Each structure stands twice: as C-alpha cells, then as structure tokens.
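Take this structure, written in structure tokens, and hold onto it; I'll ask about it next.
We name chains A, B, ... by the order of the sequence lines, and we start the count at 1 in each one. Values in this document were obtained by computation on a predicted structure and should not be read as measured data.
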Protein chains: 2
Amino acid sequence: MSRPSEYTRNNILKAAVALFAERGYDGTSIRAIVSKARVNQAAINYHFKGKEGLYFEVLKVAFEGYLRFDNFDPERLKDMSREEALRSFVYQQLRPLLARDQMIRYIRIFAWENVRPSKVLTNFVKTGAMPFLASATELVRRFLPPGTSDQDAMCTAISLMGQCSVFVRNREQFTKPPFNLKIDEAFVARLSDFISELALKGMARQL
Amino acid sequence: MSRPSEYTRNNILKAAVALFAERGYDGTSIRAIVSKARVNQAAINYHFKGKEGLYFEVLKVAFEGYLRFDNFDPERLKDMSREEALRSFVYQQLRPLLARDQMIRYIRIFAWENVRPSKVLTNFVKTGAMPFLASATELVRRFLPPGTSDQDAMCTAISLMGQCSVFVRNREQFTKPPFNLKIDEAFVARLSDFISELALKGMARQL
DNA sequence: GCTGAATTCAAACGCTTGTTTGAATTTTGA
DNA sequence: TCAAAATTCAAACAAGCGTTTGAATTCAGC
C-alpha cells in the first residue's frame, strides 16, 4: 500500500468522522463524504467495501482514539487509598469535558451509537464500557459495608458514573445560556473534587 | 373534521411515533409510516403538510404525553420537609423506568432529539427540562450552606439528576445480561430510597 | 337529493441514494 | 522498460425518497 492511496483512505476517514458525528449514519450521504474528502465516490467501495464498512472503520478509529485519550488503567486505582482512587476515577470520567476537535467528534459518534446501536460493534463498544463499570463497582465496594449485595454495589457504581456522565453528555448545552458554565481544566478539577466529596460522604454509612 | 379522517390522522401519528422512536427521523421513510398506518401516502402531506410537519406533531404529542405521565408539580415539593422533598423528587426522576409501551417510545424519541436536535422545537423541549433543573436547584439549596454559589448549587442539582437519568437512559441495557436488573415498582422504590439517602448524606456538610 | 368542501387515492415527478461498471491512470516489482 | 496489480475515475444503474397532481370518493349541510 502506497502513500498516495493512504492519503485517499485517511481523507475519507477524516471526512466520515466529522459527518457521522454531526449527522449520524442515516443522515450522512456518500456524496457528502466524498465531497468533503475530495475523492472519487468509488473509493469508498474500493477501500471500505461500502458505506457500512466505512462506518465500522470509523467506529473502530473512534474507539481506539478514545482509549488513547482516556488512558484508563484500572490497576492504578488499586494502589491508591480509596479516597484517592475515588477522586482519580471521577476525574477520569469528567476528562472528556476537556476534549477538543477530533475527540469531540468521537464522543458524538458514541452518542449516536447509544440511540442507534450498530449490530456488529455493539459488543465492541459495550466491552469498552464494561471496564469502567467493573472498576467503579470494585471501587465503591471499598466504601460500602462488607455484606452489600452485588446489585446494590452495582447501582451505587452506576449512580456514581451518572453523576459524571450527565455533565459530559450535555456539555454543549451547559456552555450556553442560561447555564454559561466555563468548562476548563480548573472547572473540571473543582467538579471532580466536588463530586468525589459528595460521593464519599454519601457512601460513608459506617465510618 | 369527521371521525373517519380522525382515524386516518391518528393511525399516521401512532405509526410515526413507533417508527421515529425506533429509527429516528432520517432512518424513517414516509413509505414505512404509511405502510404501518395502512393509509395512503398523500395523507401525510394533507394532514401534516409533509414529513417534517408530522415529526413536529409527533414531538408535541410525545411531550404532552410525557408531561401527563410525569405529573410533575414543583409547588408540592415546597410543602414537604426537605428529606421528603428530596425522596419525592428522586422518585419522580426514576418513574420513567416504569414506563410502558407508548411512553417508552416517547422517551426514545427524546433520546433521538438529544443527539439530533430539531431546530423548531429545541426550545420547547428545553423549556420542558428547565422546571426540573430549577426545582432541583431550589431543593438542594435547602441542604447546602447558605453562601453556596449559584454555579455550585446548579452543579449539585445536575449531578443529582445525573444519578437518576443514567438509569433511565440505559434502562434497556440494564435489563439484559450481564446486568439483569429486574425493574419493577419495588426496584424503583428501593432505588429512590438509595439515591436520596446517598444524596442526603453527601450534602450533609453541616447539620 | 344536490352541491361544494373535505378527504383519499394511484401514480407521476424530480431528485437522491449506495453500488457497480469498465476504462483510464498510477504504482509496483522484476 | 514492461507487465500486472492497485487505484482512481466518470458515469450508469436500480432503487428509494418526499412532494405533487388531478381524479375519485366521501362527507357535510342545506
């Protein structure tokens, strides 16, 4: 595979990421992609076997890009005190608030995937989400009473993640009137402190 | 307007709710709707002026249906003790977990709206969400220290709502393996207790 | 029953969609 | 340099899309 054809391929991918993020799969046409990528229409079938193949490649690229950004390592949490681990986990969950450019597009693509799951990669994306939840469950167990049921621990973990994801999910809205949140590193740091402190106290049943 | 034509109109609406919920606006064709509704294609333009008009009517119907289901009354919270009010609010936020049939479709339509906001009704839906957040902010202020900034109070309220909405949003997923949550009235009641207790303790800075 | 309005109908319309085709061009490796 | 493979190209293809059209049918009110 030569460099010129790699340019073609990457241009298509880049254009597709942008358009799929903005309009979703059904709302994005092949002609819009090739126009944006400045390539010939047949190239999509040649390089990706068609629209669907392109979409799956985009999902794969988005997923891998997200993992690189996220740099999540569940093992590191285990070496921290439970308070540190909690804070670190919350910060990790809120980090996407600081995402820029391509990473924002990846996050938007996952939002589309949430309402319109694609069959083949459904497990792929879910597999990606599972470490978070497993890690969160393990983490909250360090705070909860020893006899806490699996379901209760999991619901605690889910609600902890929900405290963070609501900000990430509605980020665009919260930066506009009437909210006007200024989302920068300082805000994310303060919010991480805030949420982990709420959670810490909330789970402090018997200290 | 006569009864036979009302049947036509309602059949279209009902079919459209189902299909827009399942496939979104772009993924749903006029032909699929009229086939499901067993009406003639021109009826959509006659009754709703076209696909877009039908979609807006569907949004309107969904919104009104949701409000009827929700039966939210911010004033009632004010007459309760703050603990009662908190529990009541959380339960209210989790009630959609018990939604059935048509209400589930309405909720799915709002999920689509979240990733693909339609221009005209964006304010309409947001206006609907605002009472929740304003009410939640007012509620958490009853727990927070008197000098808490508006932004901090609002972030507390958002995180409270996030604890609830994560369950509603991912309800389908949580009822399947590996989660297998059995979501019934009892579960919702227990979860309401659980989340409001977590929140209550989390906000208990100076009692 | 009659007339005008409302509603439904079948099909056409003009455009868009993703895939395919075969030729042209570029790249690769001997 | 040459031949084969890879890649790109322009255009065609078949199907689908939402809107429109004008006729047919039904409804409503006198």
Practice item. Provide, to the nearest angstrom, the distance between the CG atom belonging to A/Asn45 and the C1' atom belonging to D/dT7. Key: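 Those two atoms, CG and C1', are 14 Å apart.
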Exercise for review: Answer yes or no: does a side-chain N or O of B/His47 lie under 4.0 Å from OP1 or OP2 of C/dT8?
Suggested key: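 Checking B/His47 against C/dT8: at least one side-chain N or O falls below 4.0 Å of OP1 or OP2.
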Check your understanding: Atom CD of B/Gln41 to atom P of D/dG18: distance rounded to whole Å?
Key ->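 Spelled out: CD on B/Gln41 to P on D/dG18 is 8 Å.
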Review point. For DNA chain D, whose closest nucleotide is more 5', that of A/Thr8 or that of B/Ala32?
Key: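 Nearest-nucleotide comparison on DNA chain D picks A/Thr8.
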Check your understanding: Less than 3.5 Å between a donor and an acceptor, one on the side chain of B/Arg31 and one on the base of D/dG16, is that the case here?
Key ->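 By the distance-only test, no, there is no pair.
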Check your understanding: Of B/Val39, B/Thr28, B/Val17, which is the lone residue that meets side chain to side chain contact (heavy atoms under 4.5 Å, CB included) with B/Ile33?
Key ->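 Testing B/Ile33 for a side chain to side chain contact (heavy atoms under 4.5 Å, CB included) against B/Val39, B/Thr28, B/Val17 leaves exactly one candidate, B/Thr28.
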Review point. To the nearest Å, how far apart are A/Tyr46 OH and D/dA11 C1'?
Key: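 Atom OH in A/Tyr46 sits about 20 Å away from atom C1' in D/dA11.
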Point to revise | Euclidean distance, atom CZ of residue A/Arg9 to atom P of D/dA6 [Å, nearest integer] | key: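 These atoms are roughly 16 Å apart.
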Review point. Is B/Ala43 touching bases, backbone alone, or none of the nucleic acid, heavy atoms closer than 4.0 Å?
Key: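 Since no nucleic acid heavy atom lies under 4.0 Å of B/Ala43, the category is nothing.
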Check your understanding: Rounded to whole angstrom units, what separation is found between the CG atom of B/Asn11 and the P atom of C/dT8?
Key ->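 Atom CG in B/Asn11 sits about 10 Å away from atom P in C/dT8.
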Check your understanding: What orientation do B/Phe174 and B/Phe167 show, parallel under 30°, tilted 30 to 60°, or perpendicular over 60°?
Key ->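 If you compare the ring of B/Phe174 with that of B/Phe167, the planes turn out tilted.
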Check your understanding: Can you check whether A/Ser5 has a side-chain N or O nearer than 4.0 Å to OP1 or OP2 of D/dA6?
Key ->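 Checking D/dA6 against A/Ser5, no side-chain N or O comes under 4.0 Å of OP1 or OP2.
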Review point. Would you say a side-chain N or O of A/Asn40 is under 4.0 Å from OP1 or OP2 of D/dA10?
Key: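 So the side chain of A/Asn40 is within the cut-off, an N or O lying under 4.0 Å from OP1 or OP2 of D/dA10.
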Practice item. In whole angstrom, give the distance that lies between atom CD of A/Glu52 and atom P of C/dG18. Key: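 One finds 12 Å between P of C/dG18 and CD of A/Glu52, rounded.
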Review point. Are any of B/Ser29's side-chain N or O atoms less than 4.0 Å away from OP1 or OP2 of D/dC17?
Key: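 So the side-chain polar atoms of B/Ser29 do come within 4.0 Å of the phosphate oxygens OP1 or OP2 of D/dC17, strictly under.
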**Study point:** DNA chain C: 5'-proximal contact among B/Ala42 and A/Ile30 (nearest heavy atom)
**Key:**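 So the residue in question is B/Ala42.
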Review point. side-chain hydrogen bond (donor to acceptor under 3.5 Å, both in side chains) between B/Ser165 and B/Gln93: does it pass, once the steps are laid out?
Key: CA-CA 7 Å; B/Ser165 65; B/Gln93 293 288 301; over 6 Å; no
**Study point:** OH on B/Tyr25 to NZ on B/Lys51, rounded to 0.5 Å
**Key:**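 Taking NZ in B/Lys51 and OH in B/Tyr25, the distance rounds to 5.0 Å.
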Point to revise | Atom-to-atom span, CD1 of A/Ile12 to C1' of D/dC9 - whole angstrom | key: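 So the CD1-C1' distance, A/Ile12 to D/dC9, works out to 13 Å.
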**Study point:** Separation between CD of A/Gln163 and CG of B/Leu160, rounded to the nearest 0.5 Å
**Key:**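 Between atom CD of A/Gln163 and atom CG of B/Leu160 there are 8.0 Å.
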Point to revise | Nearest-Å distance for atom pair CG/P, residues A/Asp26 and D/dG16 | key: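 These atoms are roughly 15 Å apart.
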